[in-house]
Amino acid sequence: MADSKVSDLNAATDVGGSDQFYLVQSNTSKSVTASVLYENISSPTFTGNINIGDTRQDLTSPGIISNVLPVTLLTVGGTDGELVIHPGKANGQIKVILTTAASGGTYYIKKANVAGDANIQFDSVGDTATLMYQGDDWYMIGGTANVVAT
């Protein structure tokens, strides 16, 4: 294999953390594992359609919005209910909330941990909120959900 072209090798269909890559660093041939390579990339740039996988929360009743999973899908029931979001994990964290079903009620993210002591309300299919955590608060930076100052 030492005399094979990289383009002649069989393509891998998945990569594990202990898999090794060929690397030329400062004119020296080396190997690096996938886990070391990816853990040391400090500012990756992603373009195109990015799939975050199945890392979402499905919330079908009033309760706690995950501050770990990046996406929460809401099913708003027939009565009003309170949603709670705890402080974010780090400044700059992004959270997306989308109402996928609604049947007459309104769910509110109460003013605790929301910038400006506002409530964010979801009552219709398609209501969205894109939040960013900064300091001690979540800021609504986009979306169609209503923001109601208290």
Side-chain angles (χ1 to χ4, degrees), residues 6 11-28 30-150:
V6 171
T13 58
D14 60 15
V15 177
S18 62
D19 290 343
Q20 294 187 330
F21 295 96
Y22 176 74
L23 172 73
V24 177
Q25 187 177 57
S26 302
N27 293 322
T28 303
K30 298 180 179 181
S31 69
V32 62
T33 63
S35 60
V36 168
L37 176 67
Y38 294 121
E39 121 187 345
N40 287 294
I41 297 173
S42 59
S43 297
T45 300
F46 300 101
T47 60
N49 293 327
I50 299 170
N51 182 352
I52 58 173
D54 198 24
T55 54
R56 68 170 194 244
Q57 174 188 28
D58 291 301
L59 195 57
T60 58
S61 62
I64 298 173
I65 295 171
S66 173
N67 64 348
V68 176
L69 299 176
V71 175
T72 295
L73 303 179
L74 291 179
T75 298
V76 177
T79 59
D80 293 351
E82 182 176 333
L83 301 169
V84 175
I85 187 166
H86 293 295
K89 296 296 182 183
N91 287 335
Q93 179 181 351
I94 300 293
K95 176 69 185 185
V96 177
I97 304 166
L98 167 66
T99 305
T100 57
S103 57
T106 300
Y107 287 1
Y108 298 87
I109 299 176
K110 293 294 188 174
K111 63 184 182 177
N113 300 320
V114 175
D117 288 332
N119 293 332
I120 302 172
Q121 61 187 36
F122 302 86
D123 57 16
S124 300
V125 172
D127 282 348
T128 62
T130 301
L131 308 175
M132 184 171 81
Y133 188 74
Q134 186 65 40
D136 295 325
D137 292 316
W138 287 99
Y139 289 83
M140 185 159 160
I141 59 172
T144 59
N146 292 321
V147 177
V148 180
T150 59

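Positions are given from 1 along the sequence. Predicted, not measured: the structure shown is a model, and the values here were computed from it.
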Original post:
Is the shortest heavy-atom distance from the side chain of F122 to the side chain of I120 under 4.5 Å?
Top reply: yes
**OP:** Find out whether V114 and N119 are in side-chain contact, i.e. whether some heavy atom of one side chain is under 4.5 Å from a heavy atom of the other.
**Re:** no
Subject >> Residues forming a side-chain hydrogen bond (donor to acceptor under 3.5 Å, both in side chains) with Q121, sequence neighbours excluded >> reply: none
Show the atom names and distances, to 0.1 Å, of all donor-acceptor pairs under 3.5 Å that link a side chain in residues 77-92 to residues at least two apart or in another chain.
residue	atom	partner	partner atom	Å
D80	OD1	T106	N	2.9
N91	OD1	G135	N	2.7

Name each donor-acceptor pair under 3.5 Å that joins a side chain in residues 58-65 to protein atoms two or more places apart or in another chain, with its distance.
residue	atom	partner	partner atom	Å
D58	OD1	R56	NE	3.2
D58	OD2	R56	NE	3.4

Original post:
S66 and T72: which non-hydrogen atoms are nearest, and at how many Å?
Top reply: N-OG1, 4.3 Å
**OP:** Mind checking side-chain hydrogen bond (donor to acceptor under 3.5 Å, both in side chains) for K110 and listing every partner two or more places apart, or none if nothing turns up?
**Re:** none
Subject >> Partners meeting side-chain contact (heavy atoms from CB on, under 4.5 Å) with S124 (sequence neighbours left out) >> reply: D127
Subject >> Contacts of type salt bridge (charged side-chain N to carboxylate O under 4.0 Å, His left out), residue D19, not counting sequence neighbours >> reply: none
Original post:
Say you draw a straight line from CG of L74 to OG1 of T100; how long is it, rounded to the nearest 0.5 Å?
Top reply: 7.0 Å
Subject >> Inter-residue atom distance T28.OG1 - L23.CG, 0.5 Å rounding >> reply: 9.5 Å
**OP:** Can you measure from CG (N67) to CH2 (W138) and round to the nearest 0.5 angstrom?
**Re:** 6.5 Å
**OP:** Please lay out, stage by stage, how T130 and I94 fare under the test side chain to side chain contact (heavy atoms under 4.5 Å, CB included).
**Re:** CA-CA 7 Å; T130 301; I94 300 293; 4.1 Å; yes
Original post:
Does any non-hydrogen side-chain atom of I97 lie less than 4.5 Å from one of K95?
Top reply: yes
